[in-house]
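First the proteins, then the strands, lettered A, B, ... as listed; each starts at 1. Values reported hereafter were calculated over all heavy atoms of this structure, with side chains retained and with hydrogens, waters and symmetry mates removed.
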Protein chains: 2
Amino acid sequence: MMSATARPAAPAGDLDPSRRNNLALISSLVHHHGVLSRAELTKRTGLNRSTVGTLVGQLVALGLVYESAPSGEGQVGRPSPDVRPDPSTAALAVNPEVDAVTIGLVSLGGQVQKKIRFATERIPTAREAVNIAAAVIAGMRSELDASYRITGIGMAVPGLVNRADGVVRHAPHLAWRDEPVARMMSEATGYPCLADNDASLGAEAELIFGAGAGRGNLVYLNGGASGIGGGVIADGALLRGSTGYAGELGHTFVRTDGKACHCGATGCLETEVSQAPLFELAGLEGGDAAQLEEALRAKDSPELAAEAARQLGFLGITLRNAVNTFDPDTIVLDGFLGVLHSLSPGTLEGLLRTQALDGAADKTRIHRAALGSDLMMIGAAELVFTGVLADPAGIRELPVPAGKAR
Amino acid sequence: MMSATARPAAPAGDLDPSRRNNLALISSLVHHHGVLSRAELTKRTGLNRSTVGTLVGQLVALGLVYESAPSGEGQVGRPSPDVRPDPSTAALAVNPEVDAVTIGLVSLGGQVQKKIRFATERIPTAREAVNIAAAVIAGMRSELDASYRITGIGMAVPGLVNRADGVVRHAPHLAWRDEPVARMMSEATGYPCLADNDASLGAEAELIFGAGAGRGNLVYLNGGASGIGGGVIADGALLRGSTGYAGELGHTFVRTDGKACHCGATGCLETEVSQAPLFELAGLEGGDAAQLEEALRAKDSPELAAEAARQLGFLGITLRNAVNTFDPDTIVLDGFLGVLHSLSPGTLEGLLRTQALDGAADKTRIHRAALGSDLMMIGAAELVFTGVLADPAGIRELPVPAGKAR
DNA sequence: CTGAATTGTTCTGCTAACCAACATATTATG
DNA sequence: CATAATATGTTGGTTAGCAGAACAATTCAG
């Protein structure tokens, strides 16, 4: 009998940390920029031409990028081939909301290939949301198997989510509590699944592909039917916190003796600033931010202006706090918060200039979200891509598409 | 004539990125833990025994660590030598305040070897502070040259500091504006100098050597004569922001229609919560936090209790915001904020439990600062050590002590 | 005193990056 | 249109640094 001497465990799985780093570096650059010539890659990475050559070759073999004919003209010298993210490598995105579950297919590079919004009669339970998503994904299955390599599913949930284990601690507007959605989703579909807070993912998406492209310090605030969500990118990385619940700016204190919030406190931003009174004053029964904006621009009532000003004041307090705590270069407002800002340009900037600390506010720019309705899909997919890009060689263990689409 | 073909530029200066990383990893571990056996180092780094051997050898040669006889007994097998930070490698720390300039000498490993508090008649200007520090350092010079290798000077300044260039943007209580203190200090002493916000450095010090040891998400709040400073460690790294001004929790909004703050806003924590009324009610003319605590414990007046409760309420609002935004595992209160908390244990925890979002507050622990009066010295020195530990081999260019002290 | 356990030490091999020389493709120039 | 200049891909050789194996050292258990 042979005694079981400890064997190397992993057959061949992983490579040198140095290689992994450099592969991650290059694939991330390509993913974030969309197109990058090999020459640009050598400049940005600081690596040797020959090294970049082998690395790109390896990434091509892994199906993460592909090289195409040089486009850059007007340059002296031998043209450098363009390196692009391979769109056949993709992730699925799931975003449950109070009135719908949206499922998307997002390619490496951030292209939303497909988006299906499944409207629900009533607020979906976690089980219902998972079942809906699983059914839609099952419907897409043959197409997915044929043309894509799916690296996983990302879920963007409006609530407190523990990114580490994918458990929704509490999603007040969905009335979910301690739901292990990632595991449920994974079991229902067979794909690995990760979950995180929707606004946090929105912040990441805007940072990489949207209004904050190229920046490193971004505060994202989204106002929707289910309150105000926040996500923060600090020094280039998403703020997570010890349990992954960081960034909940919707519950910033903005008013003494304010109304009670469902969170247990009083005077939260979310209770003072909401879209319901705006819709009412605009004479709308419901709808999205675009419809609200149109109605508000058309209507010219003093009550409406007063309400908007009131809300902007409270929003200003939150932004002032955020600027003092994070010193961001970019603030991105989405949903009806973006509408409020657009209708009264300069107001928030003015508040910040007078109220926030000296140095911090000067450089901060306030933008509206740039990615629109694709935002959540891109953010959720990014959750998956982040893992893939961190160790590109690890992708080998994933199922491969029968015939790649390009 | 020889054409000047591009030469390797740096003679030999830097090593492989991989080596640099591993050296940084090991030296940081030793610096943070104080003592670590080589065997433990191999476990923690995951590197091979032989590799750790060479790396430690290199660090010994660089004068950053030294090995001593094994202490760990009761273990089977060959004993592993202890690796400790070499205390002859040190940094100088400077902390200007409204009524004094404190200069310290801190060894690698965080030991404060010397601390000199130079009381000033009036608030020092930047020039005066630099001159005082330079004079004290000049006095120590022969000792420094004989026994230490000084890796630089770290300055902890109560105000907005741009860490990148060492310029104090605005220190309201010192009445400094746009003072390039790091450059001034460097020119006055010949040592390289870095500067940062005092509370940010306090947060780092508490994270590494104090109440937050081993944690990754920490909020530090210090209440002193010159207001309330804040520093935040998020996911293991100090929160800096785009210009380095992040973490100013002293200007969190806590009260509608509150008093006007010097920062331009109203209702800031710093205006509502201050030590002056506490000192007054305690019947003290001045003094430090310890004296205040003693007086408050002795005195049992309802006015004092009411004022303390009022201030704790506002502090609670700030902490609630901080918990919702950062989801920290540890909150550290220093100065009179620590006193307030100690006098009424459980109050802040109670406020958090009811007011902050579900998941976040449960795990958050509130502590008083553990490092006392050494905190600023350690934090400021850490500013220098961080750079040294990030590239241990770069230390070779620094002056070497004539005869090392151990 | 012997054996087991653990760790330091030495030597060898492999991986991956860099470098230099050469090949290639484009623009600029006359 | 030919040639020079420029920039970049490609190839082969060199080197740094880590892992692994074999061996030596040191301690504990009995």
Side-chain angles (χ1 to χ4, degrees), chain A residues 3 5-26 36-61 65-83 392-393, chain B residues 3 5-26 36-61 65-83 392-393:
Chain A
S3 69
T5 28
R7 247 170 296 160
D14 36 19
L15 0 143
D16 239 52
S18 157
R19 239 310 154 55
R20 188 173 48 230
N21 266 346
N22 288 337
L23 285 175
L25 182 57
I26 290 193
L36 233 39
S37 76
R38 246 161 85 173
E40 280 173 295
L41 282 173
T42 63
K43 271 175 212 139
R44 289 185 193 250
T45 58
L47 297 167
N48 193 283
R49 282 212 299 271
S50 53
T51 309
V52 173
T54 22
L55 290 168
V56 170
Q58 202 160 344
L59 290 175
V60 170
V65 306
Y66 69 96
E67 289 185 290
S68 57
S71 68
E73 287 162 15
Q75 286 279 36
V76 196
R78 175 172 178 173
S80 192
D82 281 342
V83 183
Chain B
S3 70
T5 27
R7 249 170 296 161
D14 36 18
L15 355 146
D16 240 52
S18 156
R19 235 314 149 58
R20 187 172 50 229
N21 266 347
N22 288 337
L23 286 175
L25 182 57
I26 291 192
L36 231 40
S37 76
R38 246 162 85 171
E40 279 173 296
L41 282 174
T42 64
K43 270 175 212 140
R44 287 184 195 252
T45 58
L47 295 167
N48 192 285
R49 282 211 300 271
S50 56
T51 309
V52 173
T54 32
L55 289 168
V56 170
Q58 203 160 342
L59 290 175
V60 170
V65 307
Y66 70 95
E67 289 185 290
S68 57
S71 69
E73 287 163 15
Q75 286 280 40
V76 195
R78 177 172 176 172
S80 192
D82 280 343
V83 183

Query raised in the report: Could you give the distance from CG (B/Leu36) to CG (B/Leu41), rounded to the nearest 0.5 Å?
Result: 4.5 Å
Report task. Write down the distance between CG (A/Leu41) and C1' (D/dA7), rounded to a whole number of angstrom. Result -> 16 Å
Report task. Not counting sequence neighbours, list each pair that qualifies as a salt bridge (Lys or Arg N to Asp or Glu O under 4.0 Å) and has a residue in residues 42-59 of chain A. Result -> none
Query - Partner set under salt bridge (charged side-chain N to carboxylate O under 4.0 Å, His left out) for A/Arg38, not counting sequence neighbours - result: A/Glu67
Query raised in the report: Closer to the 5' end of DNA chain D via nearest nucleotide, is it A/Pro81 or B/Thr54?
Result: A/Pro81
Report task. Using the test side-chain hydrogen bond (donor to acceptor under 3.5 Å, both in side chains), find all partners of B/Thr45 that sit at least two apart in sequence or belong to another chain. Result -> none
Side-chain donor/acceptor pairs under 3.5 Å, residues 51-59 of chain A, sequence neighbours excluded:
{"unit_1": "A/Thr54", "atom_1": "OG1", "unit_2": "A/Ser50", "atom_2": "O", "d": "3.0"}
{"unit_1": "A/Thr54", "atom_1": "OG1", "unit_2": "A/Thr51", "atom_2": "O", "d": "2.8"}
{"unit_1": "A/Gln58", "atom_1": "OE1", "unit_2": "A/Arg19", "atom_2": "NH1", "d": "3.2"}

Requested in this report: Would you please confirm or rule out a distance under 4.0 Å between OP1 or OP2 of D/dG9 and any side-chain N or O of A/Ser80?
Outcome: yes
Report summary line: Side-chain contact check for B/Leu15: nearest option of D/dG17, C/dG8, D/dT8 is D/dG17
Query - side-chain hydrogen bond (donor to acceptor under 3.5 Å, both in side chains) against B/Thr42, all qualifying residues, sequence neighbours excluded - result: none
**Report entry** Atom-to-atom span, CG of B/Leu55 to C1' of D/dG17 - whole angstrom
**Finding:** 9 Å
Query raised in the report: side-chain contact (heavy atoms from CB on, under 4.5 Å) with B/Arg20: which residues, sequence neighbours excluded?
Result: B/Asp14, B/Pro17, B/Asp391
Report task. Please step through side chain to side chain contact (heavy atoms under 4.5 Å, CB included) for the pair A/Leu23 and A/Leu15, ending with a clear verdict. Result -> CA-CA 11 Å; A/Leu23 285 175; A/Leu15 0 143; 3.8 Å; yes
**Report entry** Selection: residues 17-26 of chain B, any non-hydrogen atom under 4.0 Å of DNA chain D
**Finding:** B/Ser18, B/Arg19, B/Asn22
Query raised in the report: Quick one: side-chain contact (heavy atoms from CB on, under 4.5 Å) partners of A/Ser18, sequence neighbours excluded?
Result: A/Asp16, A/Asn22
Requested in this report: Would you mind reading off the distance between B/Glu40 atom CD and C/dT6 atom P, rounded to a whole angstrom?
Outcome: 15 Å
Query raised in the report: Whole Å only: how far is the NZ atom of B/Lys43 from the P atom of C/dT6?
Result: 9 Å
Report task. Mark up nucleotides 19-30 of chain D, 5' to 3', with B wherever a protein heavy atom is under 4.0 angstrom from a base atom, S wherever such an atom reaches only the sugar-phosphate, and - elsewhere. Result -> BB-B-BBBBS--
Query raised in the report: Taking only side-chain nitrogens and oxygens of A/Arg38, does any of them come within less than 4.0 Å of OP1 or OP2 of D/dT10?
Result: yes
